[in-house]
Amino acid sequence: MTTSTEPQAGQFILDAVAEDLKSGRFKYVRTRLPPEPNGYMHIGHVKAWWIDYNTAKAYGGELYLRFDDTNPAKEETEYVEAIKEDTKWLGIQWAKETYASDYFDRLYEWAVRLVKKGLAYVDDQSPDEVSATRGTLTEPGSNSPFRGRPVEENLDLLERMKKGEFPEGSRVLRAKIDMAHPNIVMRDPVMYRILHALHHRTGDKWNIYPMYDWSHGQNDSMEGITHSLCSQEYIIHRPLYEWFLEQLGEFKTRQIEFSRLNLTHAMMSKRKVRKLVETGIVKGWDDPRLTTLRGLRRRGVNPEAILEFVRAVGETKNDSWVDMSLFEAYIRDDLNLRSLRRMAVLRPIKLVIDNYPEDRVEEMEAVNNPEDSSAGMRKIPFSKVLYIEQDDFRETPPPKYFRLFPGNEVRLRYAYFVKCTGVVKDPATGVATEVHCTYDPATCGGDAPDGRKVKSTIHWVSARHAVKAEVRLYEQLFTAEQPDEGEGIDQVINPNSLEVLSGCMLEPLLADVRPGDKFQFERNGYFCADPDGQPGKPVFNRTVTLRDTWAKIEKGAKKDGKA
RNA sequence: UGGGGAUUCGUCUAGUGGUAGGACAGCAGACUCUGGAUCUGUAUGCCGAGGUUCGAAUCCUCGAUCCCCAGCCA
């Protein structure tokens, strides 16, 4: 999969911005990345971040990081820091860090301006009354009895709301637009609500806080943002966005909407992810099964892979569900090029080489990364008793199985050809405990001087040199493609989403790893050292498996057998 | 007859009046000291019906389906 030569997927926003520059509507490009600091960011956000970042970068513009902290009840500084950290990790750079709360004073002045123009009023109705008079999707709303309030009275009331003279819910400031507007957003939307809450930055200074609609566009304008890029659900807010700036006579940012990213077998709803964390279905916001950025990072996914993936998905207005396998392809692509190869036996069984000297140890030369010659070579100890994967031996081989079975010869990677001579079983259970074989000393290094071939090469770890480790295997968290749909999350949880293997045997070099170190365990997949590991007792997470043609053949055979 | 958005292989996405292309997934094969990687080949698609045109995914008309909106959330 090449990247830069691929035709660019969806770029209607890039095109629109180019037109704006050409027409002179804007002389420069400035976008903003507007997270609400109320939770951890997930891969769905990355699409938006990338579009904001890429659009600015494409035209020599800049990106502001603006925290949308207009609701003190939900927002916390902790999340601000987490979001900044995640953004940096992704490699997205911002020119300026701002907060919606930076503009509370100016925004209030602008509100006063609208009140003076007779375009906003204080409504004394209760929330229920406001809701009841809004009308429905098909029926118009009705005017508030306070709609005709004189300007002076509105000004006085607004000032006293600000000072904190009224209880929460008792009054709001509303824009005076049209209660019969076919677009519900335009039916006298609430601009300020009373909230006697402590704000993470402004403390107790304010008793009224702006709604999204009243804050966001005005902040965009104040910051000279040229393009306010957001997801489709804001399309219907655009008339209001434009109405405010028009009435105010301020700098007019252009809002452009794109469709958000949906990934199959993943959970993007913040509320539902929170539930997964709280009920203990996952172990935290950084659980490697989650598509939160912290989860992906711990899982071992590189930021470059995430960015390449969202770039490939592109920017369109189509509702879409991107298949997880596309994301995995980008993860593999990235990891394949940069991961050091190591040998690790996940489900070990002993392989005894009967004709190999008891105390002999050889150092075998191995390639670190066939995709990158600069990664060099390493040595791996080899001896009489090895561990191999249980799956690499079958007493009675299925069709097309080329690994170890009695009488068959295979190559031990970087070592010798060995021929299987038999298997030792536990007399009580009948379970295989040891595979036996003989080796051909002439095949040292892995090639036969007589030119004979083997159909399979298997990996191994010397038993007396092996490092024991825990390895965590992950599968998709959900069995359903769209677990967000409907209720009953418990029903679509994949019971096999985590499998912990405790007796894994690794080559000696793997004893000393730091959390975040990534490797390809040959023939098994890509793995990343987890922070739970101790020196000498590593813990690895499986990021993603290798493409497994054999698994496919076996699965196909099973299906045919049944049919 | 509430308003607004969308519809191209299984999935995502190019194409904007001139041979429907790419990626992932699938299938078949080559190669291989990873059944990995790489390479080759291959099947599958314009929501529907009319119309305009020498020619329509693209323009027009009518229809279908899906998504969003009735927070003092963002």
Side-chain angles (χ1 to χ4, degrees), chain A residues 1-2 5-11 34-36 38 68 70-71 73-75 123 125-127 130-132 134-141 168-174 181-187 189-195 208-209 211-213 215-216 230-239 257 259 264 312-314 316-330 332-333 336-337 341 343 366-367 370-371 400-403 411-415 417 445-447 453-459 481 520-525 545-554:
Chain A
M1 175 177 4
T2 44
T5 54
E6 260 176 55
Q8 172 70 51
Q11 51 176 343
E36 184 189 12
N38 71 343
D68 224 334
T70 57
N71 189 346
K74 292 168 61 181
E75 295 143 9
D123 193 347
Q125 290 184 110
S126 71
V130 169
S131 172
R134 184 153 24 229
T136 69
L137 294 178
T138 54
E139 296 157 329
E168 290 186 8
S170 61
R171 276 173 242 260
V172 287
L173 182 72
R174 290 228 256 172
H181 199 107
N183 179 350
I184 288 195
V185 171
M186 298 297 274
R187 319 236 260 233
V190 173
M191 295 166 64
Y192 279 112
R193 77 282 216 187
I194 296 170
L195 248 32
I208 55 173
Y209 290 90
M211 299 289 290
Y212 167 86
D213 281 316
S215 174
H216 198 94
C230 59
S231 50
Q232 299 249 71
E233 63 250 44
Y234 294 101
I235 286 187
I236 56 159
H237 293 255
R238 193 169 66 221
E257 312 84 8
S259 61
T264 63
V313 167
T316 69
K317 295 168 93 82
N318 304 345
D319 293 339
S320 66
W321 280 87
V322 180
D323 203 293
M324 184 65 90
S325 67
L326 213 217
F327 184 36
E328 288 180 348
Y330 277 89
R332 283 194 191 98
D333 217 43
N336 175 45
L337 294 178
R341 313 291 133 124
M343 293 213 272
V367 173
E371 305 292 329
K400 290 186 187 162
Y401 184 88
F402 334 121
R403 279 114 95 151
R411 172 167 36 234
L412 295 176
R413 179 135 233 228
Y414 301 124
F417 282 17
D447 285 304
K453 301 279 184 199
V454 287
K455 293 206 80 171
S456 180
T457 299
I458 66 173
H459 61 279
E481 274 203 351
Q520 184 198 101
F521 291 174
E522 292 210 17
R523 303 210 302 135
N524 268 316
T545 61
L546 254 24
R547 268 187 62 222
D548 191 347
T549 308
W550 166 244
K552 232 176 274 170
I553 294 170
E554 207 179 22

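Sequence lines set the chain letters: A, B, ... in the order given, protein chains first and strands last, and positions in each chain run from 1.
Pair check for B/C72 finds none; no Watson-Crick or G-U wobble contact set falls under 3.5 Å.
The same atom, P, is picked in B/C47 and in B/U13; the two are 14 Å apart, to the nearest Å.
For A/Leu546, counting side-chain heavy atoms from C-beta on, the closest listed nucleotide (B/U34, B/A74, B/G3) is B/U34. Side-chain proximity of A/Asn183 to the nucleotides B/G3, B/G35, B/C72 is greatest for B/G3. Closest to the A/Ile236 side chain, of the nucleotides B/G35, B/C69, B/A74, is B/C69. Considering only side-chain atoms of A/Val322, the nucleotide from B/C12, B/U34, B/A74 that sits closest is B/C12. Across B/C69, B/C73, B/U13, the shortest atom-to-atom separation from the side chain of A/Thr316 is found for B/U13. Between B/G35, B/G2, B/C24, one nucleotide has an atom nearer to the side chain of A/Thr138 than all others, and that is B/G2. Nearest to the side chain of A/Glu371, among B/A37, B/A74, B/G35, sits B/A37. Proximity note for A/Ser320 (side chain, C-beta onward) versus B/U13, B/U34, B/A74: the nearest is B/U13. Side chain of A/Thr457, nearest nucleotide from B/A23, B/G35, B/A74: B/G35.
Residue A/Ser131 places at least one side-chain N or O under 4.0 Å from the OP1 or OP2 atom of B/G71. A sub-4.0 Å separation between OP1 or OP2 of B/G71 and a side-chain N or O of A/Arg193 is absent. Contact check, A/Arg134 against B/C72: a side-chain N or O comes under 4.0 Å of OP1 or OP2. Residue A/Ser259 has no polar side-chain atom (N or O) positioned under 4.0 Å from OP1 or OP2 of B/C67. A sub-4.0 Å separation between OP1 or OP2 of B/U7 and a side-chain N or O of A/Asn318 is present. For B/G26, the OP1/OP2 oxygens have a side-chain nitrogen or oxygen of A/Lys552 closer than 4.0 Å. Applying the 4.0 Å criterion to OP1 and OP2 of B/A37, one finds that A/Arg332 has every side-chain N and O outside that range.
Contacts of A/Pro370 with the nucleic acid, taken as non-hydrogen atoms under 4.0 Å apart, include base atoms.
Summary of the strand contacts: A/Thr136 and A/Asp319 both lie near RNA chain B, and taking for each the nucleotide with the nearest heavy atom, the more 5' one is attributed to A/Asp319. Taking the nucleotide of RNA chain B with the nearest heavy atom to each of A/Gln232 and A/Asp548, the more 5' of the two is matched to A/Gln232.
Rounded to a whole Å, the CD1 atom of A/Ile184 is 13 Å from the P atom of B/G2. Between the CZ atom of A/Phe402 and the P atom of B/U34 there is a distance of 13 Å, rounded to whole Å. Taking atom CZ of A/Arg413 as the reference point, atom C1' of B/A37 lies 11 Å away to the nearest angstrom.
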